[in-house]
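Beneath this line is the structure, given in structure tokens, with notes to follow.
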Amino acid sequence: MLNTIPKNMFNLLYRRNSKNMTINGKINYIRHLYSHGLVHQQDEFYKQELERKNLKLPELERKQKTLLDLINKNRENSNFQLGQARQERREVMTEKTDIKDTLTYHREINHDLLNKISSEITSQFSSKRNLEILLGTLSIAYETNPKNQALRIKRNTESKPIYMSAISALLIQNLIENNYKFNSKYVSEIIQKHEDNETPNSQEMFTEIQKPLVKGIYLQYLGHTSPSSKIMTETDSPPKILTTQEREKLLKLSKNAGKIFFENAVDAIPPKFDTHQEKEEFEKGIESQLSFITSTITSLNNSKSEIGQLLKVCQVYTSFMLPDKPRVVENSHIKAYDIMIQLAKDKKINPIFTSRLLSMMGKFPLGTGLYFFDQDNKSIDKVIVTRTNPENPNEPITKRTLKKFKKVNESEELIISQKSNLYFKEIRRKFDINKTNFRVQFNEGDENLKFYWKPNESLKHGHIDEDKVWEKKQSRRRTV
């Protein structure tokens, strides 16, 4: 089957080795697996009417059986047109075989694409530090120049399922580690299975939960590119801004399209089994996993679904971090903290999941650029937020930038105390930081004067070494 796959798809799936890629290289590879892989496969799914063909198979099976029964009953009947019945049966068998071969071809590719995407993303989950690097890089890897709006929207649209997968996995892991009891049958079964193991491996347990979760998230996002969804979203420039009712309709269409594609165009490829018991255990496990993926696709915005509520919290947070709409609200990534607290108070999103996620991310998300007043040198300096889990949500863990703010201090991490963080108006007032001296030092014009900064442009032009931004340092101190 592999030798019939188009060369570009074959190279994308089987010839690229991501082990030696930089984090940006891996992110671009995952984007390509989605945009040039899954999206292309979904287009083919609709062009070739594979759902209709798959639904036709039972009808062909019945027709083949009916014809065979007629042939067997009328072998001695001289009035029965035996040759015609046999020819019709052969045609039915040929059509059935062609459909099965086409479906198998597509299912194998789609199965491998989803496996590759989930494996590439979950490989970054081997440590919380790797997860921080993935999330931080995604936050500062997109265009901020208004002239490049179309590129920003495209990049962030492709990056959102990566980001949402990562924070969803991080949140589930945090909840399990803090003894939260999930109602999800699949999650509970996996936790119990590993607890019963004589040598439990927590990383294996998390991976068993995270991989199908990532697949479900990607299939839900894939639904946004289905023909029915595109009718609502694809317009001439500028991009269409949907009303609340239109967004709800789009979500329903997207979930349905993702479920249809999964049920008709993705297959679980079984391994070879040594015993019948191994086969039975695989079938039981895969049935539970497939059910979990389906519920992940369809549960978003479902207030009765625990996983759906968790995904909703992560989706809302992701939308603040990676804006993919024409209009970008200034410092929305920082405002997300207070907005989501209010949404949780209003019971619009789950309070427990929201509180846990925000406690991990803090008020100032990974990749945020901040200014602080250095009391030792009586100067204003720049830092980049580089760690999650701050002790105080208002006091991020950062690294200082040096030499005209184009290099990163490799020697230590700084916890920026609230008393020195110039994002807060009362602190600027305390140190008498006025617009004039701030504008002169940082070359800020009146129209864009703000007391935070985006490292995106510096990284884009190679002014900041991404490896040094995320490199872990033992030395850490708190500003006064």
Original post:
Side chains of Leu103 and Leu57: closer than 4.5 Å at any heavy-atom pair?
Top reply: yes
Original post:
Roughly how far apart are Leu68 CG and Lys73 NZ, rounded to 0.5 Å?
Top reply: 11.0 Å
Original post:
With Ile341, which residues qualify under side chain to side chain contact (heavy atoms under 4.5 Å, CB included), at least two apart?
Top reply: Tyr337, Lys345, Leu358
**OP:** Hey, could you give me the CG/CG distance between Leu357 and Asn350, rounded to the nearest 0.5 Å?
**Re:** 11.0 Å
**OP:** Measure up the Phe182 and Phe353 rings against each other and bin them: parallel (under 30°), tilted (30 to 60°), perpendicular (over 60°).
**Re:** parallel
Original post:
Angle class for the His224/Tyr221 ring planes (parallel below 30°, perpendicular above 60°, tilted otherwise)?
Top reply: tilted
Original post:
How many angstroms lie between atom CD of Glu49 and atom CD1 of Ile99, to the nearest 0.5 angstrom?
Top reply: 11.0 Å
Original post:
ring-ring contact (aromatic ring centres under 6.0 Å, His included) with His333: which of Tyr452, Tyr317, Phe364, Phe320?
Top reply: Tyr452
**OP:** Begin with the C-alpha distance, continue with both residues' side-chain angles, and end with the deciding distance and a verdict on side-chain contact (heavy atoms from CB on, under 4.5 Å) for Ile121 and Tyr218.
**Re:** CA-CA 11 Å; Ile121 294 176; Tyr218 260 86; 3.5 Å; yes
Original post:
Is Leu310 close to Leu175 at the side-chain level, that is, under 4.5 Å between some pair of heavy atoms?
Top reply: yes
Original post:
Are the charged groups of Lys154 and Glu158 less than 4.0 angstrom apart, N to O?
Top reply: yes
**OP:** Apply salt bridge (charged side-chain N to carboxylate O under 4.0 Å, His left out) to the pair Arg129 and Glu132, showing each step before the final yes or no.
**Re:** CA-CA 5 Å; Arg129 188 59 188 147; Glu132 289 173 336; 2.6 Å; yes
Subject >> Verdict with reasoning, Gln342 to Asp346, per side chain to side chain donor-acceptor pair (under 3.5 Å) >> reply: CA-CA 6 Å; Gln342 188 59 52; Asp346 296 340; 3.1 Å; yes
**OP:** Assess whether salt bridge (charged side-chain N to carboxylate O under 4.0 Å, His left out) is satisfied between Lys100 and Glu61, documenting all intermediate values.
**Re:** CA-CA 12 Å; Lys100 282 187 172 180; Glu61 291 278 3; 3.6 Å; yes
**OP:** For Glu120 and Ile30, indicate whether the former's side chain and the latter's backbone hold a donor-acceptor pair under 3.5 Å.
**Re:** no
Subject >> Heavy-atom side-chain contact between Lys215 and Gln289 under 4.5 Å >> reply: yes
Original post:
Just wondering, do Lys252 and Glu248 contact through their side chains at under 4.5 Å, heavy atoms?
Top reply: no
Original post:
What is the distance from atom CD1 of Ile167 to atom CD1 of Ile172, rounded to the nearest 0.5 Å?
Top reply: 11.0 Å
**OP:** Could you grab the distance from atom CZ of Phe125 to atom CZ of Phe206, nearest 0.5 Å is fine?
**Re:** 12.0 Å
Subject >> Spatial distance of atom CD1 (Ile260) from atom CD (Gln42) [nearest 0.5 Å] >> reply: 10.0 Å
**OP:** Mind running side chain to side chain donor-acceptor pair (under 3.5 Å) on Glu91 and Gln87 for me, showing each step along the way?
**Re:** CA-CA 6 Å; Glu91 289 172 359; Gln87 177 61 28; 3.2 Å; yes
**OP:** Would you mind checking if Lys128 and Glu177 are paired as a salt bridge, meaning a charged N to carboxylate O distance below 4.0 Å?
**Re:** yes
Original post:
Are the charged groups of Lys116 and Asp112 less than 4.0 angstrom apart, N to O?
Top reply: no
Original post:
Does the side chain of Pro161 reach to within under 4.5 Å of the side chain of Met164, using non-hydrogen atoms?
Top reply: no
